[in-house]
Amino acid sequence: AGAEQANQAWRARVVAGAVATGAPVVVCGDAGWEKLVDKAAVRLRPEVDYHGPLAGMYATARCVLGVGNLLLPRGLTQRHFDVWAAGGFLVSDDTPGLGLFPDELVREIVYPHPEGAVSLCRKLLAEPALRADLTRAWRREILARHTYAARVADVLEHLALCRKPG
């Protein structure tokens with residue numbers, strides 16, 4: 001219960017930081033968000049069907065704010081892959097799971113604390129050419145190395161390398 005409360009507090013701080021940029025902030029999720037954010041400053045929308053409009057929402061958002069789960073401190077969410085694959089732009093907290101990706105891409109899109117999310121969003125919204133370059137580079141990375149087909153090929157290759165001779 002304590003970990004979940006800390007997780008909710010972390011998410012609320014990050015959203016509040018995003019609101020401070022002055023950009024419109026939309027949060028899609030369950031009714032629990034109503035207790036976590038300033039409803040006057042944040043537009044709350046219901047959960048979105050993963051197989052429905054979500055990819056289009058990722059692609060058209062100026063910036064998608066990724067906030068990890070403190071219960072999985074080294075983890076990544078599906079958002080870390082799907083936003084880029086859809087042609088969107090993600091700003092993420094600095095989770096160790098991002099070590100899966102090239103450092104030159106990661107260092108451009110992570111914030112170490114909620115206040116860092118504010119300055120990073122401001123910077124990237126003010127530099128559309130950089131944002132476009134990063135979006136293209138991340139999308140290439142995801143499509144080249146992180147599709148299901150690429151992952152299955154990696155597993156099969158690993159299994160072949162681990163096979164004992166004879």
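Trp33 and Val64 end up in different hydrophobic clusters when Ile, Leu, Val, Met, Phe, Trp and Tyr side chains are linked at under 4.5 Å. Neither Trp10 nor Val27 shares a network with the other; the hydrophobic side chains, linked directly or stepwise wherever heavy atoms of I, L, V, M, F, W or Y lie under 4.5 Å apart, form separate groups for each. Residues Leu98 and Val67 fall within the same hydrophobic cluster, defined by Ile, Leu, Val, Met, Phe, Trp and Tyr side chains chained together at heavy-atom separations under 4.5 Å. The same ILVMFWY cluster, assembled from side-chain heavy atoms under 4.5 Å apart, contains both Tyr50 and Val83. By the criterion of side-chain heavy atoms lying less than 4.5 angstrom apart, applied directly or through intervening Ile, Leu, Val, Met, Phe, Trp or Tyr residues, Val110 is not grouped with Val15; the two fall into different hydrophobic clusters.
How far CZ of Arg79 is from CG of Leu90: 8.0 Å, rounded to the nearest 0.5 Å. Taking CG of Leu130 as the start and CG of Leu125 as the end, the distance is 11.0 Å to the nearest 0.5 Å. Here the straight-line distance linking atom CG of Asp93 with atom CZ of Arg11 works out to 9.0 Å at 0.5 Å rounding. If you take SG on Cys28 and CG on Leu44, they are separated by 9.0 Å, rounding to the nearest 0.5 Å. From Leu124, atom CG reaches atom CZ of Phe89 across 4.5 Å, with rounding to the nearest 0.5 Å. To the nearest 0.5 Å, atoms OH (Tyr111) and CG (Asp94) are separated by 10.0 Å.
What you find for Pro53 and Val48 is that their closest heavy atoms are CG-CG1, 3.7 Å.
When the options Asp38, Val25, Val14, Val37 are evaluated for a side-chain contact (heavy atoms from CB on, under 4.5 Å) with Val19, the one that passes is Val25.
Taking the six-membered ring for Trp and thresholds of 30 and 60 degrees, Trp84 and Trp138 have nearly parallel ring planes, at less than 30 degrees apart.
Within the structure, the salt bridge (Lys or Arg N to Asp or Glu O under 4.0 Å) test picks out the following pairs touching residues 121-144 (sequence neighbours left out): Glu108-Lys123, Asp133-Arg136, Glu141-Arg145.
For Thr95, there are no side-chain hydrogen bond (donor to acceptor under 3.5 Å, both in side chains) partners two or more places apart in sequence or in a different chain.
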